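The structure appears right after this line, and notes come after that.
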2 protein chains.
Amino acid sequence: MAFAETFKALSDPVRRQILDLLKEGPMSAGDIGSHFDMTGATISYHLKILKKADLVFESRDKNFIYYQLNTTVLEEIMLWISSLKGGDFDAESK
Amino acid sequence: MAFAETFKALSDPVRRQILDLLKEGPMSAGDIGSHFDMTGATISYHLKILKKADLVFESRDKNFIYYQLNTTVLEEIMLWISSLKGGDFDAESK
DNA sequence: CAAGTATTTAGAACTTTTTCTAAATACTTG
DNA sequence: CAAGTATTTAGAAAAAGTTCTAAATACTTG
């Protein structure tokens, strides 16, 4: 179930920070890594989890792999959260 | 930092299911537990995490402790998620 | 194709999380 | 207050997650 995977992926602060970085646009793995005090291997591990959760996708150019936000899954999460708040999301907003 | 705690709390399927149960209204610890194939001790552990994350609060009556959804923290989460989606939430809805 | 750069994979060490059993606490009521 | 029910706490075992080092893969370009 992909839903569970998404929440797991979002549960780590490093991964959330990666997503925050990607708001600005696509970024290579190395570039992402330079924002953290961790080895590239560890960053790669986090990227893999984000990718499996469909929160990012990659595209290759030259020698680089660029990562990019994929926001489609976030809709689902938002819907679940707003369902907890006792109803439809749009119905609440004004 | 409470933000991280909330995400951690939401990352477990049992805890999300507990929140789903509580949508219907307050429920005693034992009643919640009866929906799962786990010991009461384990349910108590999950409830403690939800409580620390401010996702539920409790009230006592007779010999029971009733748990109840607290949705106020969810706003924050929603805001963060919608910020990923490249902008304000209300601005997107129509 | 060789050398260089970018990234990932494998595997081990360590940390955190989840679950259980057993015991403790808390409250209620006869 | 004793006995019973509800829930939590403590501590241990097991499972899952995070990080590292070292090595492998992948691609680029002289």
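No experiment lies behind these values; they were computed from the predicted model shown.
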Interatomic distance, [X] [atom1] vs [N] [atom2] [rounded to whole Å]:
X: A:Leu10; N: D:dG17; atom1: CG; atom2: C1'; value: 16 Å
X: B:Lys52; N: C:dT18; atom1: NZ; atom2: C1'; value: 13 Å
X: B:Ile49; N: D:dT9; atom1: CD1; atom2: C1'; value: 14 Å
X: B:Met38; N: D:dA13; atom1: CE; atom2: P; value: 20 Å
X: A:Phe64; N: C:dT5; atom1: CZ; atom2: C1'; value: 8 Å
X: A:Tyr66; N: C:dT8; atom1: OH; atom2: P; value: 13 Å
X: A:Asp12; N: C:dT15; atom1: CG; atom2: P; value: 16 Å
X: B:Ile65; N: C:dT25; atom1: CD1; atom2: C1'; value: 10 Å

Residue-phosphate contact under 4.0 Å: [X] side-chain N/O, [N] OP1/OP2:
X: A:Lys48; N: C:dT9; result: yes
X: B:Arg15; N: C:dT18; result: yes
X: A:Thr42; N: D:dT19; result: no
X: A:Ser28; N: C:dT7; result: yes
X: B:His46; N: C:dT19; result: yes
X: A:Thr39; N: D:dC20; result: yes
X: A:Tyr67; N: C:dT8; result: yes

Assigned partner base of [N], Watson-Crick or wobble definition, under 3.5 Å:
N: C:dA10; answer: D:dT21
N: C:dT18; answer: D:dA13
N: D:dA26; answer: C:dT5

Options [options], nucleotide nearest the side-chain atoms of [X]:
X: B:Asn63; options: D:dA6, C:dT7, C:dT17; value: D:dA6
X: A:Ala41; options: C:dT19, D:dC20, C:dA22; value: D:dC20
X: A:Lys62; options: D:dT8, D:dT29, D:dT19; value: D:dT29

Query raised in the report: Is the backbone of A:Leu10 close enough, under 3.5 Å, to the side chain of A:Arg16 for a donor and an acceptor to pair up by distance?
Result: yes
**Report entry** Backbone N/O of A:Leu74 and side chain of A:Thr71: donor-acceptor pair under 3.5 Å
**Finding:**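 No; zero donor-acceptor contacts below 3.5 Å.
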Report task. Test side-chain contact (heavy atoms from CB on, under 4.5 Å) on B:Ile18 and B:Leu47 and set out the steps. Result -> CA-CA 8 Å; B:Ile18 290 174; B:Leu47 289 171; 4.1 Å; yes
Query raised in the report: Which part of the nucleic acid, if any, lies within reach of B:Gly40 when heavy atoms closer than 4.0 Å are counted: base, sugar-phosphate only, or nothing?
Result: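 If one applies the 4.0 Å heavy-atom cut-off, B:Gly40 turns out to touch a base.
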Requested in this report: Nearest-nucleotide wise, let me know which of A:Lys8 and A:Lys51 is further upstream toward the 5' end of DNA chain C.
Outcome: A:Lys51
Query - 5′-ward residue of the pair B:Arg60/A:Asp37 relative to DNA chain D - result: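 Upstream on the strand: B:Arg60.
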Query raised in the report: Which of parallel (below 30°), tilted (30 to 60°) and perpendicular (above 60°) describes A:Tyr66 and A:Phe64?
Result: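 It falls in the tilted class, 30° to 60°.
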Query raised in the report: Among the clusters formed by ILVMFWY side chains lying less than 4.5 Å apart, do B:Val14 and A:Trp80 turn up in the same one?
Result: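 Same cluster.
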Report task. Please say whether more than 12 non-hydrogen atoms of neighbouring residues, nucleotides or ligands are located less than 6.0 Å from NZ in A:Lys48. Result ->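 No - once you tally the heavy atoms of other residues, nucleotides and ligands closer than 6.0 Å, there are 12 at most.
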